[in-house]
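What follows is a single structure, written as structure tokens, with notes after it.
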Amino acid sequence: MSAPRAYLDHNATTPLRPQAREAMLAALETLGNPSSIHAEGRAARALVETARGQIAAGLGTKARNVVFTSGSTEAANLILTPFLQRDQTTAEIELLLLGAGEHPAVLAGHRFPAARVETVGLDPEGALSLAALANTLQCNTGRRILLALQAANNEIGSIQPVAAAAALVHAAGGLVVCDATQAVGRMDATFAALGADALFFSSHKIGGPMGAGALALASDGLHIREALVRGGGQEGGRRAGTENVAAIAGFAAAFAVAKESVASETERLSALRDRLEAKVAEIWPETVFLGAKGPRLANTSAFLTPGQKTQTLLMALDVEGVALSSGSACSSGKVKSSHVLAAMGLEEKAALRASLGWSSTEEHVDLFGIAFAGVAKRIKARRTVA
């Protein structure tokens, strides 16, 4: 029998919820292309449209304003374009503003030329600086502006001032797109709360399957003049390709459970996070917890252990049965320098990130504590010998 493991990397992906699995299995029994007009096709279409309605209602918009994608990355690539237009406006957006801590899907996934992109800095707790944003808007008075701002940072969990930023941008005549990937199911991520013009998120962050996501528009007046994936007329002409019916059904099922349990999970996960951080502080008193002085997600703890290489700690903890992340792992699986930490004015290249989710328990946190204590003891013993 294999030794138990503690999975504490829910910000990367979270396990499939039973409700999502059940919905997917039922959908897999449905034959038909959702674009076909026969009975089988209509049955598949009904599953897609039911899911669309559920997600739209949960976000506070109309069903026709929800576009299913393969995930947040595709959604970011689709919506972050100079050809995003409001009402009857035909002019292109002239300037894209990016929060300095945005996910690489946003930083590299937009469709603006480099000369039309500016970055807005963060404060020491990892939140967007509203003063810097106001200054940038003032310096660009009269230009058509789009701000891309995440609802919560994926690396350290800092909750971003989206509503306040949106008020500033809207007053300047601009638009706001919110990356709600880490926020849905963990905080109030509705249009009413965020004040954004569009938002997007991924299924696998809330207990649904990988390979599904959604882009949602706040109103009928927002249009994407140039689609990213072109072909058939699926998704109202905004995203071609046959819909992944089973994944969409699982996505909607996970969304329903995640949204319903936001309040209770916030309370439960914040207690688990505090328990974890107390263990870390006891074992390694010099530890610095990032973003802890500002609002942050209940499920996320990012911390620095002075003098230690993050990759070494990650590997040692993995051997001990604990899965964490640096919050900045690249496609090769190696730890690279974090642009988020740099934007916060920190010299460290990366931090350890423990992120909890619906399947996390006290036993997982306690297993982490035992593993972390063992790793710390060995490191300190080597220091003494040296």
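In this chain, residues are counted from 1 in sequence order.
- Within 6.0 Å of atom CD in Glu282, 12 or fewer heavy atoms from other residues, nucleotides or ligands are found, so the atom counts as exposed in its surroundings.
- Judged as a ring-ring contact (aromatic ring centres under 6.0 Å, His included), and not counting sequence neighbours, the contacts of Tyr7 are His10.
- With respect to Glu92 and Arg116, a salt bridge is recorded, a charged nitrogen being found less than 4.0 Å from a carboxylate O.
- The pair Arg5-Glu320 does not meet the salt-bridge criterion, since no charged nitrogen lies less than 4.0 angstrom from a carboxylate oxygen.
- Between the Ser261 side chain and the Ser264 main chain, no donor and acceptor come within less than 3.5 Å of each other.
- Heavy-atom neighbours of Glu226 CD from other residues, nucleotides or ligands within 6.0 Å: above the threshold of 12.
- Hydrophobic cluster of Trp358: no remaining members, since no ILVMFWY side chain lies below 4.5 Å from it.
- In the hydrophobic clustering of ILVMFWY residues, with side-chain heavy atoms under 4.5 Å counting as a link, Val106 and Leu78 come out together.
- Under a 4.5 Å side-chain heavy-atom criterion applied to ILVMFWY residues, the cluster that includes Val288 comprises Leu122, Ile156, Leu290, Leu304, Val340, Leu341, Met344, Leu346 as well.
- Looking only at distances, no side-chain donor or acceptor of Thr14 sits under 3.5 Å from a matching main-chain atom of Gly357.
- Considering Asn65, Leu199, Thr190, Leu217 in turn, Leu199 is the only one that fulfils the side chain to side chain contact (heavy atoms under 4.5 Å, CB included) rule with Leu59.
- Phe251 and Phe201 have their aromatic ring centers within a separation under 6.0 angstrom.
- The structure places CD of Glu102 at 6.5 Å from CG of Leu107, a figure rounded to the nearest 0.5 Å.
- Using cut-offs of 30° and 60° for the angle between ring planes, the Trp284 and Phe372 rings count as tilted.
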**Message:** Please evaluate residues Asn11 and Arg186 with respect to the criterion side chain to side chain donor-acceptor pair (under 3.5 Å), reporting the C-alpha separation (whole Å), side-chain torsions for both, the decisive distance (0.1 Å), and the verdict.
**Reply:** CA-CA 11 Å; Asn11 283 9; Arg186 297 170 183 165; 3.0 Å; yes
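- Two different hydrophobic clusters hold Leu98 and Val162 under the rule that ILVMFWY side chains link at heavy-atom gaps under 4.5 Å.
- One finds the CZ atom of Arg144 at 12.5 Å from the CG atom of Leu95 (value rounded to the nearest 0.5 Å).
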